[in-house]
Amino acid sequence: MVKVAVLGAAGGIGQPLSLLLKANPLVTELALFDIVNTPGVAADLSHINTPAKVTGYIGDEQLGDALKGAHVVVIPAGVPRKPGMTRDDLFNINAGIVKNLATGAAKHCPKAFVAVISNPVNSTVPIVAEVFKQHGVFDPKRIFGVTTLDIVRAATFVSEITGADVASTNVPVIGGHSGATILPILSSLSHSFTDAQRDALVQRIQYGGDEVVKAKNGAGSATLSMAYAGARFVSALLDASVLKKAGVKECTYIKTDVAAADGVEYFSTVVELGVDGVAVAHPLPSFSEHEKKLYAAAIAELKVNIQKGIDFVAKSAAL
Ligand SMILES: NC(=O)c1ccc[n+]([C@@H]2O[C@H](COP(=O)([O-])OP(=O)(O)OC[C@H]3O[C@@H](n4cnc5c(N)ncnc54)[C@H](O)[C@@H]3O)[C@@H](O)[C@H]2O)c1
Ligand SMILES: O=C(O)C[C@H](O)C(=O)O
């Protein structure tokens, strides 16, 4: 039995993500949780002739049933940005939503892999971790911030410049998931970019989310490309943990000591996935002079974002 629970399943990301997960033959049960509309989404997806049995769960009282027995919990619940907003502007609403869902996961499926999509990821992942710690079930190998969209974008934008096949273009993107914390490692590629090309690419990868937010003009942020990226990440988790495939690697934001020397305990890095989640978190790559500056800027912002998530859980525990 491989049960995947999607929390926020009726939303802009949740629906196409659930569709892609329904198409994954490794998934045998798909639990769709939201505060609205999941019975309809579940009925619709349930007619697709793939193995997953699909069930809709609605409202807090059904959260436990949605989560019980889950192998993977994916969380795209929460509000998206509108033009002019930063991801951090979503904190006040999304922190509470993620904390509540994480509490459900800690109680009902403490061993599940938890893949957090809700923004601001730099802070929501520490929130999930702190909630799991409070319940005495925290395992840093099992909680992930989904930064796969940055990898997907980087491959697309880089291949547009290099002309290389996009499917075989792989650009590591480390750090976090917002603006200056997004750190593409262009120096790892064999192509040599001019400084102007490099600067334009870094800018586009760091602010790719804003490109979509502007184009959607108030109707939300990336949903379809995020669903694709989220499904790719879950598929990697299942390949490693269910099929026990070796060498499955994705960049993902985890609690790790790779950047601990610089004072951050959460960082997105290249991670080799295994049956228990994180098998190997790769150390920082060797940076170009330019990347050293980007890294310093990323660290400064990450520190603030991470602390904000930790403080939020501590404050609400003290109430
Ligand atoms: N990690 C990434 O790369 C990435 C990419 C795109 C979007 N996002 C983030 O994903 C989140 C969702 O974006 P979206 O476009 O799908 O938004 P959306 O508004 O279309 O959908 C969000 C869904 O969450 C549900 N929801 C709200 N409160 C809930 C709760 N307490 N429990 C369960 N469900 C709840 C809503 O009912 C809605 O169906 C946003 O925070 C957005 O910023 C992250
Ligand atoms: O930009 C956003 O707010 C959504 C998401 O984080 C993205 O990168 O597209």
Side-chain angles (χ1 to χ4, degrees), residues 5-19 31-41 56-64 66-67 73-105 115-125 127-128 144-154 156-157 173 175-179 181-182 204-216 218-234 250-253 268 305:
V6 182
L7 313 184
I13 296 167
Q15 291 202 37
L17 174 59
S18 300
L19 169 64
L32 307 185
F33 176 82
D34 204 300
I35 50 172
V36 291
N37 297 340
T38 41
V41 178
Y57 298 88
I58 196 162
D60 267 355
E61 58 293 346
Q62 295 188 5
L63 179 61
L67 290 168
V73 178
V74 200
I75 311 184
V79 290
R81 285 197 285 167
K82 290 191 188 317
M85 291 172 81
T86 65
R87 292 179 184 79
D88 186 57
D89 292 335
L90 303 172
F91 185 94
N92 287 344
I93 298 179
N94 289 354
I97 293 174
V98 170
K99 179 173 169 277
N100 179 50
L101 298 173
T103 303
V116 185
I117 293 173
S118 316
N119 272 316
V121 166
N122 294 354
S123 307
T124 51
V125 172
I127 288 174
V128 175
F144 307 92
V146 183
T147 57
T148 322
L149 183 52
D150 300 318
I151 312 302
V152 165
R153 282 184 180 135
T156 304
F157 302 158
V173 182
H177 178 68
S178 71
T181 70
I182 296 174
R204 195 163 180 218
I205 295 164
Q206 289 186 328
Y207 294 93
D210 297 62
E211 214 176 277
V212 181
V213 169
K214 270 190 205 127
K216 290 201 174 179
S221 56
T223 53
L224 303 172
S225 50
M226 181 59 236
Y228 172 84
R232 165 172 152 173
F233 185 71
V234 173
E250 287 290 350
C251 290
T252 175
Y253 183 74
S268 181
N305 296 160

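Counting starts at 1 for both ligands and their atoms, in listed order. Remember, predicted model here, so these are calculated numbers, not experimental data.
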Identify, by atom number and element, the atoms of ligand 2 in contact range of [X], meaning under 4.0 Å from any of its heavy atoms.
X	value
S221	2 (C), 3 (O), 4 (C)
G209	1 (O), 7 (C), 8 (O), 9 (O)
N119	3 (O), 4 (C), 5 (C), 6 (O)
L149	7 (C), 9 (O)

Between [X] and ligand 1, find which residue part has any heavy-atom pair under 4.0 Å and reply side chain, backbone, both or neither.
X	value
V121	side chain
H177	side chain
V79	backbone
I117	both
I13	both

Ligand-side contact atoms (ligand 1) for residue partner [X], heavy atom cut-off under 4.0 Å:
X	answer
G12	16 (O), 18 (P), 20 (O), 21 (O)
T223	15 (O)
A222	6 (C), 7 (C)
L90	43 (O)
F33	32 (N), 33 (C)
A77	24 (O), 33 (C), 34 (N), 35 (C)
V36	37 (O)
N94	41 (O)

Output yes when a side-chain donor or acceptor of [X] lies under 3.5 Å from a complementary backbone atom of [Y], and no otherwise.
X	Y	value
D150	Q206	no
S118	I75	yes
Y57	T38	no
D89	T86	yes

Worksheet item: Mind checking whether R87 has an N or O less than 3.5 Å away from an N or O of ligand 2?
Response: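 Between R87 and ligand 2 (N or O atoms, distance only) the closest approach is under 3.5 Å.
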Distance check, rounded to the nearest 0.5 Å: [X] atom [atom1] versus [Y] atom [atom2]?
X	Y	atom1	atom2	answer
S178	D88	OG	CG	8.0 Å
I205	E211	CD1	CD	11.0 Å
L67	L101	CG	CG	8.0 Å
I97	I35	CD1	CD1	6.5 Å
I151	S268	CD1	OG	6.5 Å

Item to complete: Just let me know how D150 lines up against ligand 2, side chain, backbone, both or neither, with a heavy-atom cut-off below 4.0 Å.
Response: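 Neither part.
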Can you check whether [X] reaches [Y] side chain to side chain, under 4.5 Å on heavy atoms?
X	Y	result
M226	V146	yes
T147	I182	no
H177	N119	yes
F91	I127	yes

Practice prompt. Would you mind telling me which of L32, D34, V74, L63 makes a side chain to side chain contact (heavy atoms under 4.5 Å, CB included) with L7?
Written response: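 Answer after filtering L32, D34, V74, L63: L63.
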I'd like the name of whichever of [options] reaches closest to [atom] through any heavy atom.
atom	options	value
atom 5 (C) of ligand 1	K99, Q15, M226	M226
atom 19 (O) of ligand 1	A66, G14, G104, P80	P80
atom 31 (N) of ligand 1	I93, V98, V41, I97	I97
atom 9 (C) of ligand 1	I75, I35, N119	N119

Discussion item. Take a 6.0 Å sphere around OH of Y228 and say whether it holds more than 12 heavy atoms from other residues, nucleotides or ligands.
Written reply: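 Atom OH in Y228 is not packed in, count stays at 12 or less.
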Discussion item. What protein heavy atom lies closest to atom 6 (O) of ligand 2? Include the residue and the distance to one decimal.
Written reply: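 Going atom by atom, the protein heavy atom closest to atom 6 (O) of ligand 2 ends up being H177 NE2, 2.6 Å.
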Worksheet item: How close does the nearest protein non-hydrogen atom get to atom 1 (O) of ligand 2, and which residue and atom is it?
Response: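 Nearest neighbour among protein heavy atoms for atom 1 (O) of ligand 2, to 0.1 Å: R81 NH2, 2.6 Å.
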Worksheet item: Could you walk me through whether N305 and T181 pass the side chain to side chain donor-acceptor pair (under 3.5 Å) check?
Response: CA-CA 10 Å; N305 296 160; T181 70; 5.2 Å; no
Worksheet item: Taking the non-hydrogen atoms of R153, is any one of them nearer than 4.0 angstrom to ligand 2?
Response: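 Flag set, R153 near ligand 2.
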Worksheet item: Of all the heavy atoms in V212, does at least one lie under 4.0 Å from an atom in ligand 2?
Response: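 Judged by the 4.0 Å heavy-atom criterion, V212 does not count as contacting ligand 2.
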Worksheet item: Quick check: does G78 get an N/O under 3.5 Å from an N/O on ligand 1?
Response: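 Checking ligand 1 against G78, an N or O pair does fall under 3.5 Å apart.
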Worksheet item: Is ligand 1 less than 4.0 angstrom away from at least one heavy atom of D34?
Response: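 Within the 4.0 Å threshold, so yes.
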